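All values reported here derive from a predicted model rather than from experimental measurement.
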Amino acid sequence: MIGNIIKSFMCKRNLAPILHDKERNGFRSYINEADLPPSKRKRLENLPVCSKKNKTEISNEITSSARNDLTDRKRLGISMTDYFSIEQLKDHIHNLSHYNQGSTGNTIVRSVSENVNVCQLCGIDKLVFVPTPIYCSSCCKCIKRNLIYYWAVDEADGRHCFCTKCFRKCCVDDNVSSQGLSISKNKFQKAKNNDRNEEPWVQCDKCECWQHQICALYNAKKDLEGQAEYICPFCRLKEIEAGEHVSLPVSIGAQDLPRTMLSDHIEQRLFRRLELERNERAKLSGHDANEVPGAADLIVRVVLSVNRNLRVNQQFLDIFHNEDYPPEFQYKSKVILLFQKIGGVDVCLFGMYVQELGSECAPPNRRCVYISYLDSINYFKPDIQTVKGEALRTFVYHEILIGYMDYCKKRGFTTCYLWACPSIKGEDYILYCHPKSQKTPKPEKLRLWYKSMLRKASEEDIVVNYTNLYDHFFAPSIRNSAAHLPYFDGDYWSGAAEEIIRNIETENRGDKVKKLMTKSTLKAIGHDNVYADATKDILVMQKLGQTILPVKEEFIIVNLHVVCTNCQQAIPSEGRWSCKQCKNFHICAKCLTLQKTHTSSNGEEHLRSEVVMDEDDIPASTEDQDAIIENDIFENRHSFLSFCEKNHYQFDSLRRAKHSSMMILDHLYNNIRLSRTDSGFEKEQFEGQGPLKVKLMGVLVHASQCRATLSNPCSFSGCIKIRELFQHVSRCSVRVTGGCALCRKIWSLLHWHSQTCQDTSCLVLRCKDIKKHGVATLRSGFPIGHP
């Protein structure tokens, strides 16, 4: 009896106000708080306080509470398991059951334990998150565990931490100053880096058992008031089997994120390649394609696509006195993610940050693409190999990269830059906290991974050729200025060049820098009669080349179009001259001489001939037709990592990867913002585009293409209702002008869709007409038709 009262206090908040003061004030004496996990104790500390009530008041509150309880019971969807079918629930419980001694085989059995601390799903007491890394604001190094550090909050509520060494070093008078930051010493507090954060718990409102929120796929963000009903997978399974509950319609998942032309291109190409690969394995094994395992439920989405301005460091600009080097570069930053539905949950498996510098960008960045960061986790299903012996997940990740380069090539980008550098052990690029079983690749293995992908792209004529940064810009036979090097946001070489410039200026003041480069030295490296301002440029290139040389294979340059052998620029559609014997010899019209031959590397004279090129080989503009997609958490990789660290969205186990992906998607639905393209149209924001609206857009697109019949009905949630609306509008004589509510609904959906649709061949009804004439004109006099 006492135990039931305690559990009611801990979870069923609606019962607390109707207890007598005597019962309420004495209930803590029955609880040994030491027996409860810390996350459960918090539920006791925050119990509501109420005044003494008479019997009438108590009776009225019981009636009101019962009525409210019925309303609250309708607030489902607090857990992803509310959407699961019987098979998915059994699969979810079974996947956690290897921690639970009460589960054997495929039989779902709840283990009975007297220990209230044990999770009823995984059978484990408490689970602790990986400690959140703390970085020193001065030296930027991670502060080691169990060491003392100092922290303070500035006027903008920003938290700054200093290791002991940097704190003492940065103390000047009564302030702590570092990198332009100055905070009063009195504001700092001393702390020890030994915090341990336990996974939170949740209690089932039916059986009153406790589970980890991560095991339960529980979204605490949807239950900030603590009033929603949570039913555990065990109880939900019994309800469905007894016919007492029907699973909720398909939950909003990764497929409901906004689609773009880029995501569609990568996704459709990936599906085609996977189908071919599966057919090859089936043919080799002598089975039908449906009998061999294959990758399923893959979704590619672009979750960030924003314009950025990159300002060039002034120290870098100062070495180009006589050259018109741009002070800033405009580029588009994009984030591409791959999801796979595993156990009923869309799990984020792969992420990629890219920078696109289009035709409007000034040289040397014009028509360049920089793949800045790439990251993945090894939960891809199935874990099998292709016919050629590589892992299927490697095949998929390669195809995403190839698909992206193919899309960029068709848009008119000519060069792609890659930095094949693995992350430092213990640090992450994009996805926070990788599984221990996933080893960080060695530099040589990662380079081979990239080169394997490039060979595939070359076989499909997507990549013309590839080289490395050193051989292209720094080889002894090449004389280049630093002004010819691409300048990307956060790139290694630009940061290294700026560090070299600072060292030169520190060691050599004024004209002393010229004395370091004597005439004999300049002549030896191929420079004669160099003006004074260019001496620093030459020295920077020399030192930077020496820095890059030992790791030159890590900096990969990919040519998506043919490059002129002389000027090293992509050859436009005006024409080119090539040698049939020398595969990589090409000359553009600008560098063409009257001579009909050229000298090969072995001294032979070879004829060159004109190559006729298609007019549309390289589009005149790289203008992006996709919508602008903004959100706060993916603004850059550091902001996303900080977001995951702060909220403990880890990927070190599949159960955590599922929950983390679910929460990241929830944040995206509530924070993603769409607007028009870069084409100069009026910018219309769709901030706060809710999950329902996103879901409706997906159903609308599906219903417009669906060809289901009565004998072969569609299983897509919402399809039938949308098609019924189509049929109503085609027959309705009242229409919107006459006040028909159903007509108004479908026209609103079509209007929402047309505002973000960039597909010129869109199959959604009246989409093209609405873009051309406007929704107000059409809905007043045009029938909508139906599929």
Side-chain angles (χ1 to χ4, degrees), residues 87-88 91 250 253-255 259-302 336-352 374 376-410 448-464 466 558 560 654 698 701-702 705-709 712 714-716 759 761 763:
E87 292 73 19
Q88 288 175 327
D91 183 55
V250 179
Q255 75 277 4
R259 291 168 49 189
T260 64
M261 295 171 67
L262 172 57
S263 66
D264 283 351
H265 178 88
I266 296 175
E267 191 175 78
Q268 292 166 10
R269 186 186 188 280
L270 174 62
F271 292 163
R272 291 195 301 269
R273 297 292 297 169
L274 280 171
E275 185 178 1
L276 291 173
E277 188 280 329
R278 189 175 186 179
N279 289 334
E280 289 178 0
R281 282 189 290 112
K283 185 178 179 180
L284 185 66
S285 62
H287 293 86
D288 188 76
N290 296 327
E291 298 176 350
V292 297
D297 300 318
L298 298 175
I299 300 163
V300 178
R301 288 294 182 268
V302 176
I336 302 168
L337 300 179
L338 171 71
F339 295 87
Q340 184 179 34
K341 192 176 288 295
I342 303 175
V345 183
D346 290 324
V347 180
C348 183
L349 300 178
F350 175 92
M352 183 167 69
L374 185 150
S376 67
I377 50 174
N378 60 358
Y379 300 131
F380 184 89
K381 305 292 182 182
D383 187 12
I384 58 175
Q385 291 186 336
T386 65
V387 172
K388 296 182 179 180
E390 66 180 352
L392 186 59
R393 67 172 179 273
T394 297
F395 177 87
V396 169
Y397 301 158
H398 278 178
E399 290 303 324
I400 292 175
L401 282 166
I402 296 171
Y404 175 70
M405 289 192 290
D406 181 37
Y407 185 80
C408 290
K409 180 175 184 175
K410 290 177 179 177
L448 293 175
W449 190 91
Y450 275 109
K451 288 182 178 180
S452 173
M453 178 271 297
L454 293 173
R455 283 193 295 270
K456 295 178 187 177
S458 299
E459 293 171 0
E460 297 185 49
D461 293 327
I462 295 172
V463 168
V464 175
Y466 56 92
V558 182
L560 303 176
L654 182 57
V701 173
H702 168 85
Q705 305 175 39
C706 183
R707 294 295 178 267
T709 62
N712 184 25
C714 179
S715 60
F716 193 90
D759 188 357
S761 58
L763 297 177

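Ser452 places no side-chain N or O within 3.5 Å of a backbone atom of Leu448 that could act as its donor or acceptor partner. Checking side-chain atoms of Ser285 against main-chain N and O of Arg281 turns up a donor-acceptor pair under 3.5 Å. Between the Asp346 side chain and the Gly253 main chain, no donor and acceptor come within less than 3.5 Å of each other. Judged by distance alone, the side chain of Arg278 and the main-chain N or O of Ala289 form a donor-acceptor pair under 3.5 Å. Between the side chain of Glu267 and the main chain of Val300, a donor-acceptor pair closer than 3.5 Å is present.
Taking OG1 of Thr386 as the start and CD of Glu277 as the end, the distance is 5.5 Å to the nearest 0.5 Å. Here the CZ atom belonging to Phe350 is positioned 12.0 Å from the CG atom belonging to Leu298, to the nearest 0.5 angstrom. To the nearest 0.5 angstrom, Leu654 atom CG is 5.5 Å from Ile342 atom CD1. Remark: Arg301 CZ to Phe339 CZ distance equals 9.0 Å, nearest 0.5 Å. Taking CH2 from Trp449 and OH from Tyr397, the interatomic distance works out to 9.0 Å, rounded to the nearest 0.5 Å. Between the CG atom in Leu270 and the NE2 atom in His398 there is a gap of 13.0 Å [rounded to 0.5 Å].
The closest side-chain heavy-atom distance from Leu262 to Tyr404 is below 4.5 Å. Annotation: side chain of Arg273 is in contact with side chain of Phe395 (closest heavy-atom distance under 4.5 Å).
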As a quick check of understanding, evaluate side chain to side chain contact (heavy atoms under 4.5 Å, CB included) for Lys456 and Lys388, giving each step before the final call. CA-CA 12 Å; Lys456 295 178 187 177; Lys388 296 182 179 180; over 6 Å; no

Are Ile299 and Lys341 close enough, and set up right, to give a side chain to side chain contact (heavy atoms under 4.5 Å, CB included), and what steps lead you there? CA-CA 8 Å; Ile299 300 163; Lys341 192 176 288 295; 5.8 Å; no

Between Lys381 and Asp297, is the side chain to side chain contact (heavy atoms under 4.5 Å, CB included) condition met? List the steps. CA-CA 10 Å; Lys381 305 292 182 182; Asp297 300 318; over 6 Å; no

Test side chain to side chain contact (heavy atoms under 4.5 Å, CB included) on Val347 and Gln340; report intermediate values, then the result. CA-CA 5 Å; Val347 180; Gln340 184 179 34; 5.7 Å; no

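When all heavy atoms of Cys348 and Ile377 are compared, the closest pair comes out as O-CD1, 3.3 Å.
Among Val396, Leu401, Ile402, the single residue meeting the side chain to side chain contact (heavy atoms under 4.5 Å, CB included) criterion with Glu399 is Ile402. When each of Arg269, Arg455, Arg272, Lys409 is checked for a salt bridge (charged side-chain N to carboxylate O under 4.0 Å, His left out) with Glu460, only Arg269 meets the rule.
Atom CD of Glu390 has more than 12 heavy atoms from other residues, nucleotides or ligands within 6.0 Å.
Ring planes of Tyr407 and His265: tilted class, angle from 30 to 60°.
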